[in-house]
Amino acid sequence: MSDARFTIHTCPALGEVYYEATHPSGLRVLVCPKDLSAYYATVGVRYGSMDLPDAPSKSRQTYPMGVAHFLEHKLFEKEDGGDADADFAAIGAEVNAFTSYDRTAYLFSCTDRFDEALSHLLRMVSDLTVTDESVSRERDIIAEEIRMNADSPWERCYAEMLRALYHSHRVREEICGSEVSIGRITPAVLRRIFDAFYTPANMVLAVSGRITLEAVMAVLDAHLPATPSPVPPPLRPFGEPFAVAQERVSVRMQAAKPLFCIGIKDGTVPSDAREILRRDLLMTVLCEMLFSRSGDFYSELFESGLVSPGMSYGSSIGRGFGFYALSGEADDPDAVMAAFRAYIDRLHTEGLSEEEFERSRRILYADYVTGFDSTEDIASSLCNYALEGVELFDFLPIVEDMTFAEVRVLFADTFREGQYVLSVVEPQDEYPNEENKEEKEGM
């Protein structure tokens, strides 16, 4: 094992432990041994769709949207033209990857031959092969993915909500980019971003399974340099007005029924990592209190026939952005929005329920605890928390001392006029006019 100091993180309340070390290359390593059947490992890179540094140009151009997602695709391509999927499949492992607003992650699961799978993963994120031909080929694949997302009513409804919520923050842009923006992505662009951000010092490796920190470090020693890697350039902070950009947006698409997505913008996002985590957990609790399918609001909407079964809800927070989203099917989305406003106004007058607060907090706690029964949940959480600048066990003290008063303040500050967006997808008429209908019938 590398001559590296390690830290033991313990949670006596849950009887859980994980180990942390920094490899000489600068890679942060987190290992949680668990006697479960599957191994799970993920490498997280602090570079996502909204992270666009200034391009090296006197014209002050920025890199095109979609670079992070494009890189994710390209790293599956090997120098010999093969695909990394085949290497993992040959040893019985499954590999995957995803790009989000502020990170890119590469991951695998397996039941044996862990060392080989980890070796494949490390080679995958350490090497980039790009040519004009391969970039052109990948551009066509990603363009098709962009078109598929644009043709999905649910994806479009959510995307339009984000664009209405935010004036300029890049969270309003599609993670994949647009067909125009990916047309500007070249091998040189990919190489510059890869060299700047795909360094061990800008990555986190999290592992869970029947494994030790020593065994993981031994694999790293065989694949990573023994000297510190460069630290990436700083990313610019985001500025965003408190109010939403538009209060209502709509598009017409082929959909069986009208769809709606109500967005609520949180204009006060802290900069400290632990305070962001605290606000994230408070937002999760408040969202459950307001929109639970066992709660008053959903029951009122469903029983009155305003929404179809299965309304979804959630919250999201990151560097410079925070919002709640409430989505579903409804014959009259504007009536749902009116009911939402009336419900929120009533709560401002009558107050939130402390009983609902305690119930929602218990749900949050239970979800966290049951996550330790899955190597996938453990490794994913370890990686996510580390990328956010906090520790996995920071969760418990925050949840234990969060108060009903904090949630009331959060509700009062965020759920108010000027912070709401209604995004609607209206079904496209099969025959937009009678002339077209007659032509169709005459065929």
Side-chain angles (χ1 to χ4, degrees), residues 42-45 47-57 59 61-90 93-108 120-121 123-160 162-163 170-198 251-255 425 428:
T42 179
V43 168
V45 185
Y47 184 75
S49 66
M50 69 182 192
D51 297 323
L52 296 176
D54 289 328
S57 168
S59 64
Q61 291 181 331
T62 58
Y63 287 105
M65 290 298 301
V67 174
H69 177 257
F70 209 117
L71 268 176
E72 176 209 317
H73 275 238
K74 289 303 298 173
L75 288 187
F76 277 82
E77 183 176 314
K78 298 169 59 181
E79 188 173 0
D80 61 6
D83 194 300
D85 281 304
D87 291 338
F88 286 90
E94 294 184 0
V95 64
N96 209 338
F98 68 85
T99 304
S100 67
Y101 302 124
D102 60 357
R103 70 199 64 182
T104 310
Y106 303 84
L107 48 99
F108 73 82
H120 287 323
L121 187 67
R123 283 192 291 267
M124 181 177 171
V125 299
S126 300
D127 184 51
L128 173 67
T129 300
V130 284
T131 63
D132 287 333
E133 181 183 359
S134 69
V135 169
S136 178
R137 184 171 59 248
E138 201 65 47
R139 187 182 292 120
D140 291 339
I141 294 171
I142 295 174
E144 181 61 27
E145 183 178 347
I146 290 170
R147 287 191 288 270
M148 288 176 61
N149 287 340
D151 288 339
S152 166
W154 286 110
E155 294 280 353
R156 185 73 182 277
C157 194
Y158 188 82
E160 294 298 330
L162 285 176
R163 276 190 275 273
R170 291 192 182 116
V171 73
R172 74 193 301 274
E173 305 295 344
E174 296 280 3
I175 288 174
C176 296
S178 67
E179 291 191 62
V180 172
S181 71
I182 65 171
R184 295 174 49 212
I185 295 176
T186 64
V189 167
L190 294 170
R191 173 58 63 184
R192 283 196 294 267
I193 292 296
F194 178 83
D195 289 344
F197 292 95
Y198 276 70
V251 294
R252 286 194 174 273
M253 298 182 66
Q254 290 186 350
V425 169
Q428 194 172 45

Problem set entry | Residues in side chain to side chain contact (heavy atoms under 4.5 Å, CB included) contact with D127, at least two apart in sequence or another chain | T129
Problem set entry | Residues forming a side chain to side chain contact (heavy atoms under 4.5 Å, CB included) with D151, sequence neighbours excluded | none
For this session: Considering non-hydrogen atoms only, spot the tightest contact between S49 and I175 and give its length.
Result: OG-CG1, 3.5 Å
For this session: Working to the nearest 0.5 Å, report the span between OH of Y101 and CG of L162.
Result: 4.5 Å
Exercise. Which atom names give the shortest non-hydrogen contact between Q428 and Q254, and what distance separates them?
Worked result: OE1-CG, 3.7 Å
Exercise. Looking at residues at least two apart in the chain, or sitting in another chain, which of them share a side chain to side chain contact (heavy atoms under 4.5 Å, CB included) with S126?
Worked result: L224
Problem set entry | Nearest-0.5 Å distance that lies between atom CE in M50 and atom CE in M65 | 10.0 Å
For this session: Specify the closest pair of heavy atoms between I146 and G177, including all atoms of both residues, with the distance to one decimal.
Result: CD1-O, 3.5 Å
For this session: Would you indicate whether E145, at its atom CD, is surrounded by more than 12 heavy atoms from other residues, nucleotides or ligands within a distance under 6.0 Å?
Result: yes
Problem set entry | Considering all heavy atoms, the nearest V425-P153 contact | CG2-O, 3.6 Å
Exercise. Taking only residues two or more places apart in sequence or in another chain, which ones pass side chain to side chain donor-acceptor pair (under 3.5 Å) with R172?
Worked result: none
Exercise. Between L75 and V125, what is the shortest heavy-atom contact and its length?
Worked result: CD1-CA, 4.3 Å
Exercise. Given M124 and F88, is the side-chain contact (heavy atoms from CB on, under 4.5 Å) satisfied, shown in steps?
Worked result: CA-CA 11 Å; M124 181 177 171; F88 286 90; 4.2 Å; yes
For this session: Could you list all the side chain to side chain donor-acceptor pair (under 3.5 Å) pairs where at least one residue sits in residues 134-144, not counting sequence neighbours?
Result: H73-E138, K74-S134, T131-S134, E144-R147
Problem set entry | Within-4.5 Å side-chain heavy-atom neighbours: V135 and D132 | no
For this session: With sequence neighbours left out, write down each residue that passes side chain to side chain contact (heavy atoms under 4.5 Å, CB included) with D85, or none if nothing qualifies.
Result: F76, D83, V95
For this session: Side-chain contact test, heavy atoms from C-beta onward, threshold under 4.5 Å: evaluate it for Y106 versus V45 and give yes or no.
Result: yes
Problem set entry | Over all atoms of both residues, closest heavy-atom pair of A143 and I182 | N-CD1, 3.8 Å
For this session: Please list, chain by chain and in numerical order, all residues satisfying salt bridge (Lys or Arg N to Asp or Glu O under 4.0 Å) with D102, sequence neighbours excluded.
Result: none
Seminar exercise, completed: Residue pairs passing the ring-ring contact (aromatic ring centres under 6.0 Å, His included) test with at least one member in residues 172-196, sequence neighbours excluded, are F194-Y198
Exercise. So does D87 pair up with R123, basic N to acidic O under 4.0 Å?
Worked result: no
Exercise. Out of curiosity, R184 CZ to Y63 OH, how far, rounded to the nearest 0.5 Å?
Worked result: 11.0 Å
Exercise. How far does CD1 of I193 sit from CG of L128, to the nearest 0.5 angstrom?
Worked result: 11.5 Å
